[in-house]
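Worth saying up front: this structure is predicted, and the values here are computed from it rather than measured. Per chain, numbering begins at 1; letters A, B, ... match sequence-line order.
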Amino acid sequence: MDNSKPCIVQHDRMVLLECGHDAFEEAREQLSCFAELVKSPSSFHTYRITPLSLWNAAALGWSATMVMDSLHSMSRWDVPLGLIQDIRDLVSRYGKLTLVIDLNVPYQLILKSTDSQLMDEIIQRTGMLTLDMRRISMTELAFHVARRGWLKQELTRLGYPILDLAGYDDGQRLSFSWKEEGVNQAFQLRDYQKDAVKAFEGLPGSGGSGVVVLPCGGGKTVIGMAVMERLQCETLILTSNTTSVRQWMDELELKTTLVSAEIGEYSGQKKEVKPVTVATYQILTHRRTKDSEFEHMKLFNERQWGLIIYDEVHLLPAPVFRATAEIQATRRLGLTATLVREDGCEQDVFSLVGPKRYDMPWRQLELKGWIAKVDCVEIRVSMANDMLDRYHRAEGKHKFRIAAENPDKLPVIISILQQHPHSGVLVIGQYLDQLEWIAASIKAPLISGKMSQQERMGLYDSFRRGEVRVLVVSKVANFAVDLPDASVAIEVSGSFGSRQEEAQRLGRILRPKSLDNRAYFYTLVTKDSKEEDFAIQRQMFLIEQGYEYAIQIQPDTVERVEATDSYTEGGAVLQ
DNA sequence: CAGATCGTAA
DNA sequence: TGAACTACGATCTG
């Protein structure tokens with residue numbers, strides 16, 4: 001055993017990482033490249049090495065030897081032999097199967113494998129020869145172009161990822177450029193944005209499809225536009241909501257020479273199809289009745305798109321995968337802050353949109369000053385005795401809500417507000433009753449789904465101007481892209497454990513700050529309740545990104561609030 | 001026929 | 001595990 005190493009590598013593909021260890025930070029960075037975080041209690045973080053995490057690493061250029069060397073350098077004990085075998089096997093699978101165009105037969109693709117045994121294995125496991133595919137040599141299988149997406153999806157599911165080198169249709173050409181700003185100064189991309197665009201383009205032959213992972217505030221729309229600008233083709237942009245549709249359209253008009261006649265909105269309100277069209281996922285999946293067809297999927301074929309951009313690709317609805325499988329000859333760019341999906345369709349994103357091409361951890365942007373430096377603090381608030389009684393008597397499903405609505409969270413909120421007397425603060429929660437009560441108690445306006453868009457805009461404006469310092473917001477915070485940014489967020493309750501939600505909420509305070517570029521994220525959790533478990537689950541994504549939650553335990557009510565005051569100011573911050 | 005309101009889906 | 005919110009389309013209104 002070698003205690004100078006931070007990890008325990010287990011034969012079940014789990015890796016335990018000791019948190020307090022000197023080499024923690026470095027190990028975390030390595031692991032995040034080829035493993036995914038599954039649990040993060042305080043002393044050890046648990047990572048899992050999955051086929052998908054290895055293939056994504058392979059797509060970024062990791063070899064099995066590199067993964068092994070990395071594991072070896074971090075592991076306290078010898079890396080289990082079985083695992084070494086598994087990693088060798090899995091990583092080497094990426095690239096063994098390639099997809100190319102048959103230059104002799106039109107509409108025909110060829111799946112090539114590096115050895116005939118592998119081809120035998122695949123044919124056996126899939127029974128593919130019974131379909132419209134022919135084995136044209138020991139190592140080659142020919143099939144129709146229409147099967148391209150289906151094949152990749154199926155084989156990835158079976159454990160055989162395909163390196164797609166079959167190329168793309170360029171689509172209808174569309175000329176435009178960045179608009180010149182000021183004194184003939186065209187728009188400048190940040191270095192990492194240039195790198196992301198380059199990574200998406202890949203080497204000649206590869207690239208052209210895949211996912212760019214960037215935190216909120218990292219400029220995902222800019223990267224989308226930059227890829228469009230490189231390709232000079234008609235583009236379909238898919239986003240999660242109508243506000244974001246308008247945002248894309250505005251940005252395009254503002255930063256490029258495209259004019260409004262060339263940019264179309266395809267949503268519930270309008271059905272324009274123009275050289276650049278921005279649509280919501282929802283309209284694509286809309287059906288008149290439960291089992292009628294998806295009538296708007298035809299949008300994929302209404303023009304000769306040269307590029308399809310999937311904004312927030314982690315939200316891509318399952319039915320859209322099917323349409324995506326059919327347009328594999330079109331370049332595809334996925335943009336997201338997290339590849340984690342609650343429905344486990346990560347594999348389909350990998351096989352149908354493409355592998356991860358670029359990943360920029362939040363912490364690195366923070367070091368460069370592109371986003372604010374955030375301190376995350378989890379405050380565990382205990383329950384008063386009568387609440388505790390109610391909690392224990394309640395049925396399982398009500399317990400969570402009782403804990404979440406713990407009224408003793410209020411003094412903590414007030415204390416935090418006092419600690420940040422000059423900052424814009426967002427109080428974010430899940431239950432309207434609770435939020436109404438808090439809003440009334442601290443005399444701050446509440447923004448919920450009930451409030452009209454106009455009223456919201458008014459409040460957002462006053463908040464931006466500093467006339468209103470504190471806003472209480474409901475789940476609207478998860479969707480409203482126009483919510484102004486603050487430097488302090490207090491999460492008073494959250495849903496069952498969505499990592500996405502936590503990421504979104506943190507995103508609200510990430511925009512760089514003028515003074516010291518610092519922001520604060522507090523999450524209030526009732527001590528010894530179910531809420532603690534869900535909080536752990538929610539925080540996982542941020543921990544994956546390298547954030548650490550300082551934990552404050554709040555033993556009892558008001559008089560302890562002062563006690564924590566000094567504690568917070570002192571040291572409950574990140575390094 | 002633009003804008004408000006309502007029910008439904010996910 | 002449940003509540004809250006959004007998007008869409010249909011219907012209504014001046």
Side-chain angles (χ1 to χ4, degrees), chain A residues 237-249 265-272 278-299 311-312 314-322 341-345 391-392 394-406 426-439 446-457 459-460 471-483 491-498 500-502 504-505 508 526 529-538:
Chain A
I237 301 168
L238 305 177
T239 72
S240 53
N241 57 48
T242 37
T243 322
S244 141
V245 167
R246 311 268 152 73
Q247 240 180 19
W248 272 94
M249 297 174 73
E265 168 178 341
Y266 196 96
S267 66
Q269 283 89 55
K270 292 181 187 171
K271 302 279 183 295
E272 302 165 343
V278 193
T280 58
Y281 287 128
Q282 210 145 353
I283 190 96
L284 289 177
T285 54
H286 183 264
R287 286 183 286 187
R288 266 161 224 270
T289 62
K290 257 204 154 101
D291 32 28
S292 56
E293 60 187 72
F294 298 106
E295 51 196 306
H296 294 289
M297 290 287 183
K298 64 181 185 330
L299 185 57
D311 194 12
E312 318 247 24
H314 61 285
L315 298 175
L316 196 141
V320 179
F321 282 115
R322 213 173 322 137
R341 292 178 62 101
E342 273 18 283
D343 66 356
C345 286
Y391 179 77
H392 284 122
E395 285 212 33
K397 54 183 174 185
H398 299 303
K399 278 192 164 153
F400 182 73
R401 181 157 184 168
I402 293 174
E405 293 188 314
N406 182 1
L426 295 176
V427 178
I428 309 173
Q430 154 100 345
Y431 302 107
L432 290 180
D433 294 345
Q434 178 191 30
L435 291 173
E436 276 160 18
W437 178 72
I438 290 173
L446 166 66
I447 300 180
S448 76
K450 285 180 203 158
M451 182 179 273
S452 75
Q453 291 293 337
Q454 284 167 3
E455 270 182 289
R456 292 186 210 183
M457 299 280 253
L459 280 172
Y460 293 159
L471 283 184
V472 181
V473 289
S474 70
K475 261 184 124 159
V476 286
N478 293 7
F479 300 86
V481 272
D482 48 351
L483 184 68
E491 184 182 45
V492 294
S493 52
S495 65
F496 290 96
S498 156
Q500 276 169 37
E501 185 173 272
E502 195 84 340
Q504 194 87 324
R505 290 176 171 182
R508 293 300 174 197
T526 294
S529 76
K530 290 197 158 193
E531 215 186 1
E532 279 188 357
D533 306 337
F534 289 118
I536 289 173
Q537 171 69 23
R538 281 206 308 269

Using a heavy-atom cut-off of under 4.0 Å over every strand shown, decide if [X] touches base, sugar-phosphate, or nothing.
X      : value
A/F496 : base
A/Y281 : nothing
A/T285 : nothing

Distance check needed: [N] [atom2] versus [X] [atom1], whole Å only.
X      : N     : atom1 : atom2 : value
A/E405 : C/dA4 : CD    : P     : 9 Å
A/R246 : C/dT6 : CZ    : C1'   : 13 Å
A/N241 : C/dC8 : CG    : P     : 9 Å
A/E436 : C/dA4 : CD    : C1'   : 12 Å
A/K399 : C/dG2 : NZ    : P     : 15 Å
A/K475 : C/dA4 : NZ    : C1'   : 5 Å
A/Y431 : C/dC5 : OH    : P     : 12 Å
A/I428 : C/dA4 : CD1   : C1'   : 15 Å

Atom CZ of A/F496 and atom NZ of A/K530: how far apart are they, to the nearest 0.5 Å?
-> 9.0 Å
Is the phosphate of [N], meaning OP1 or OP2, less than 4.0 Å from a side-chain N or O of [X]?
X      : N     : result
A/R287 : C/dA7 : no
A/R288 : B/dT8 : no
A/K271 : C/dC8 : no
A/H286 : C/dA7 : no
A/H296 : C/dG9 : yes
A/S474 : C/dA4 : no

With a 4.5 Å heavy-atom cut-off, do A/M451 and A/V476 have their side chains touching?
-> no
For the residue pair A/N406 and A/E531, establish whether any side-chain heavy-atom pair is separated by less than 4.5 Å.
-> no
Between [options], spot the one nearest the side chain of [X], thanks.
X      : options              : result
A/V476 : C/dT6, C/dC8, B/dA10 : C/dT6
A/F534 : C/dT1, C/dA3, C/dC8  : C/dT1
A/F479 : C/dT6, C/dA7, C/dG9  : C/dT6
A/Q282 : B/dA10, C/dG9, C/dT6 : C/dT6

Once the angle between the rings of A/H286 and A/H296 is folded into 0 to 90°, is it parallel (under 30°), tilted (30 to 60°) or perpendicular (over 60°)?
-> tilted
Contacts of A/S267 and A/L435 projected onto DNA chain C by closest heavy atom; the upstream (5') one is A/L435
Thinking salt bridges, do A/R246 and A/D482 make one under a 4.0 Å N-O criterion?
-> no
State whether a side-chain donor-acceptor pair under 3.5 Å links A/T242 with A/Q269.
-> no
